Amino acid sequence: MKLSSCDAIGLDLDHTLARYNIRECYRVVYKGMAEHLVKEKGYEDSILEMDDKDIDFILRGIFMDIEHGDFIKVDHKGVIVKASHGTRMLSTEEIQSKYKDSVWKHWQSLRDNVAQDQGGSNYRLFDNNFDAVGVLIAAKLVDILDKRCDSPPNYAPIIHDLISCFGVLYRPDNFQCKRGNWFPNVINNPERFIEQCSNEVKQWLLDIRESGKIVFLLTTSHYDYANLVASTALNDTNWTKYFDFVICNAQKAGYFGPGFFTKDNPNAFYAIDFESQKEDLDKPVVMDTDSRTVYSRGHFTELNEFLVRALGKPHPKVVYIGDSLRADIFPVRSRTQWETVYLCEELAAECGKSDYIDEICSNLWGSYFTETLDKDNGDNKRVVPNTEAIGVTTLWSLIISKYATAVIPSLDYLAQDFAADPDINLESFKKLAPTQWLG
């Protein structure tokens, strides 16, 4: 599919249009979570410190197996290729003794429905940069519980405590109240956390609109936070000029499934009261970009019907770009006819082209995309990120291959290539080996 043949292009906001300083984000998120756990949940204050070794434990796409208190990395056939109990890495023999044939029993249900609700009581997935620090926190909590108990403890309360932490950090109401550790820090110094888009990306957005295509922003963030993030990233208080319309509080991944909001108006869009920066739930509205450009909530069905009307085509070609396999790529590709572009910063980081290599990559866990098995002693070694090397691809590589039309390290790659060739084919970005991006 050529980008020039698309009728509409949608973008996620956080970690897609707006890129974050991962280093600063991890520090603030960890501090907020650790302090909440000590003060409100009674955990030992040893958890308050985070050093460089701790950072190396963080990798997106790691699962917590709640039954065992283990953290695991699996390949495309569900085989556990690396695992730890708490923060202690397990040997191949230990993995084999715990898991029959070294296969993780939950891998197929996850493969077939990445968007399901975090595995319920069986496992917890850490799949985005907002919750990636949780894998380190959870592992340290396993260590603490093991020290408290003579027999294997129940690790399920850890998940409830993590949810409590994320609620304190990211609950939308906390933005205007300036509660928690995340929102007050971002409000006080947004440039510390949010990076500015390049001029190439901003021009690309304007050029796409100028060519007659619809460009829209679809984000789970509420308007007040989205307004701060987008105005900082685009360095423009009039940032909505880059889009035909903006939809906030979309609550992905459910946005692309059955309606789920209010009983009377399950799929309703709502207007934004710009003075209070809140949605007006008393007044559901119909999408009409002649009267307004910013909306809240809604649903894919109504959004797609609007695109059909606006473009005058029964089956418009739409591409959506996002950074989450669970909330963006899988639900869009599996439930709609839209194409998807997965923005995956690991592609650049694993070949040394990122300012946040230490935060995004992990010597302990190896590559996000591949794993080279050490059959001799199970030692954990840094994996050379090359899917053509002897080894196996991870479960995430399998899911990316199946559900992403294209994969990019950042929007700059699309913007630069589109400027050079407006007829660029999206399939040309289907490169899962980070070494293929070195040029």
Side-chain angles (χ1 to χ4, degrees), residues 14-16 22 25-26 29 55-66 70-84 87 89-90 95 103-104 106-119 122-139 159 162 166 253 322-331 340 342-350 354 356-373 380 382-383 385 387 391-404 407-409 432-434:
D14 299 299
H15 296 287
T16 300
I22 303 298
C25 291
Y26 280 5
V29 170
I55 289 287
D56 195 50
F57 192 85
I58 300 171
L59 181 71
R60 285 203 310 161
I62 298 299
F63 302 93
M64 177 183 177
D65 185 291
I66 298 171
D70 292 345
F71 298 83
I72 60 177
K73 175 183 176 182
V74 297
D75 73 6
H76 64 290
K77 294 184 178 180
V79 176
I80 300 172
V81 292
K82 278 201 174 111
S84 73
T87 59
M89 299 305 291
L90 299 177
I95 293 173
V103 173
W104 190 48
H106 303 296
W107 82 278
Q108 287 179 311
S109 63
L110 180 87
R111 176 199 62 188
D112 297 335
N113 188 6
V114 184
Q116 66 185 335
D117 188 23
Q118 292 288 7
N122 296 314
Y123 62 86
R124 171 80 191 197
L125 164 62
F126 302 90
D127 83 315
N128 64 68
N129 285 318
F130 282 129
D131 71 3
V133 171
V135 71
L136 172 61
I137 290 282
I159 301 303
L162 284 180
F166 290 134
D323 70 296
S324 172
L325 289 174
R326 190 181 69 85
D328 299 321
I329 305 306
F330 174 83
T340 56
Y342 179 40
L343 195 150
C344 183
E345 293 187 75
E346 284 82 358
L347 279 172
E350 289 194 16
S354 170
Y356 309 112
I357 295 172
D358 290 341
E359 289 76 22
I360 295 174
C361 300
S362 170
N363 289 301
L364 199 62
W365 292 104
S367 171
Y368 178 73
F369 306 97
T370 64
E371 182 63 55
T372 301
L373 300 179
N380 297 289
R382 181 62 185 266
V383 177
T387 55
V392 295
T393 54
T394 63
L395 176 61
W396 300 117
S397 286
L398 173 67
I399 292 171
I400 293 168
S401 297
K402 185 174 182 180
Y403 295 106
V407 191
I408 57 174
L432 284 183

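Bear in mind that the values here come from a model prediction, so they are computed numbers and not experimental data.
Considering only heavy atoms from C-beta on, C25 stays 4.5 Å or farther from N129 through its side chain. Using a 4.5 Å cut-off on side-chain heavy atoms (C-beta onward), V79 and V392 make no contact. Under the 4.5 Å side-chain criterion, counting only non-hydrogen atoms from C-beta, I80 is not in contact with W107. Between V133 and E359, every side-chain heavy-atom pair lies at or beyond the 4.5 Å cut-off. Contact check for T393 versus L398: no side-chain heavy atoms found under the 4.5 Å cut-off. Between V29 and F130, the closest side-chain pair of non-hydrogen atoms is not below 4.5 Å.
For the atom pair OH (Y356) and CD (E346), the distance works out to 14.5 Å, reported to the nearest 0.5 Å. Annotation: the span from I408 atom CD1 to C344 atom SG amounts to 10.0 Å, rounded to 0.5 Å. Interatomic distance, CD1 of I357 versus CD of E350, reported as 10.5 Å (0.5 Å rounding). The CG atom of L343 lies 5.5 Å from the OG1 atom of T16; values are rounded to the nearest 0.5 Å. Here CG of L395 is found 5.5 Å from CG of L110. Values are rounded to the nearest 0.5 Å. Rounding to the nearest 0.5 Å gives a distance of 8.0 Å between OG of S367 and CG of L59.
Not counting sequence neighbours, H76 has no partner by the ring-ring contact (aromatic ring centres under 6.0 Å, His included) test. With sequence neighbours excluded, the residues forming a side-chain contact (heavy atoms from CB on, under 4.5 Å) with D56 are S362, N363, L364, listed by chain and number. A search for side-chain contact (heavy atoms from CB on, under 4.5 Å) contacts involving A138 returns M64, F71, F126, I158, L162, not counting sequence neighbours. With sequence neighbours excluded, the residues that form a side chain to side chain donor-acceptor pair (under 3.5 Å) with D65 are H68, W104. Residues satisfying the side chain to side chain donor-acceptor pair (under 3.5 Å) criterion with Y342, sequence neighbours excluded, are R60, Y368. Applying the side-chain contact (heavy atoms from CB on, under 4.5 Å) test to T394 and every residue at least two apart in sequence or in another chain returns K73, W396, S397.
Nearest heavy atom pair, residue S354 against residue A349, reads CB-CA, 3.7 Å. The shortest heavy-atom contact between P331 and A253 is CG-CB, 3.6 Å. Here the shortest heavy-atom pairing between V135 and I58 reads CG1-CA, 4.0 Å. Of all heavy-atom pairs between L125 and F63, the closest is CD1-CE2, 3.6 Å. Pairing each heavy atom of F57 with each of W365, the nearest pair is O-NE1, 2.9 Å.
D131 and R326 are not joined by a salt bridge, as no carboxylate oxygen comes within less than 4.0 angstrom of a charged side-chain nitrogen.
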Verdict with supporting geometry, T340 and F330, side chain to side chain contact (heavy atoms under 4.5 Å, CB included): CA-CA 9 Å; T340 56; F330 174 83; over 6 Å; no

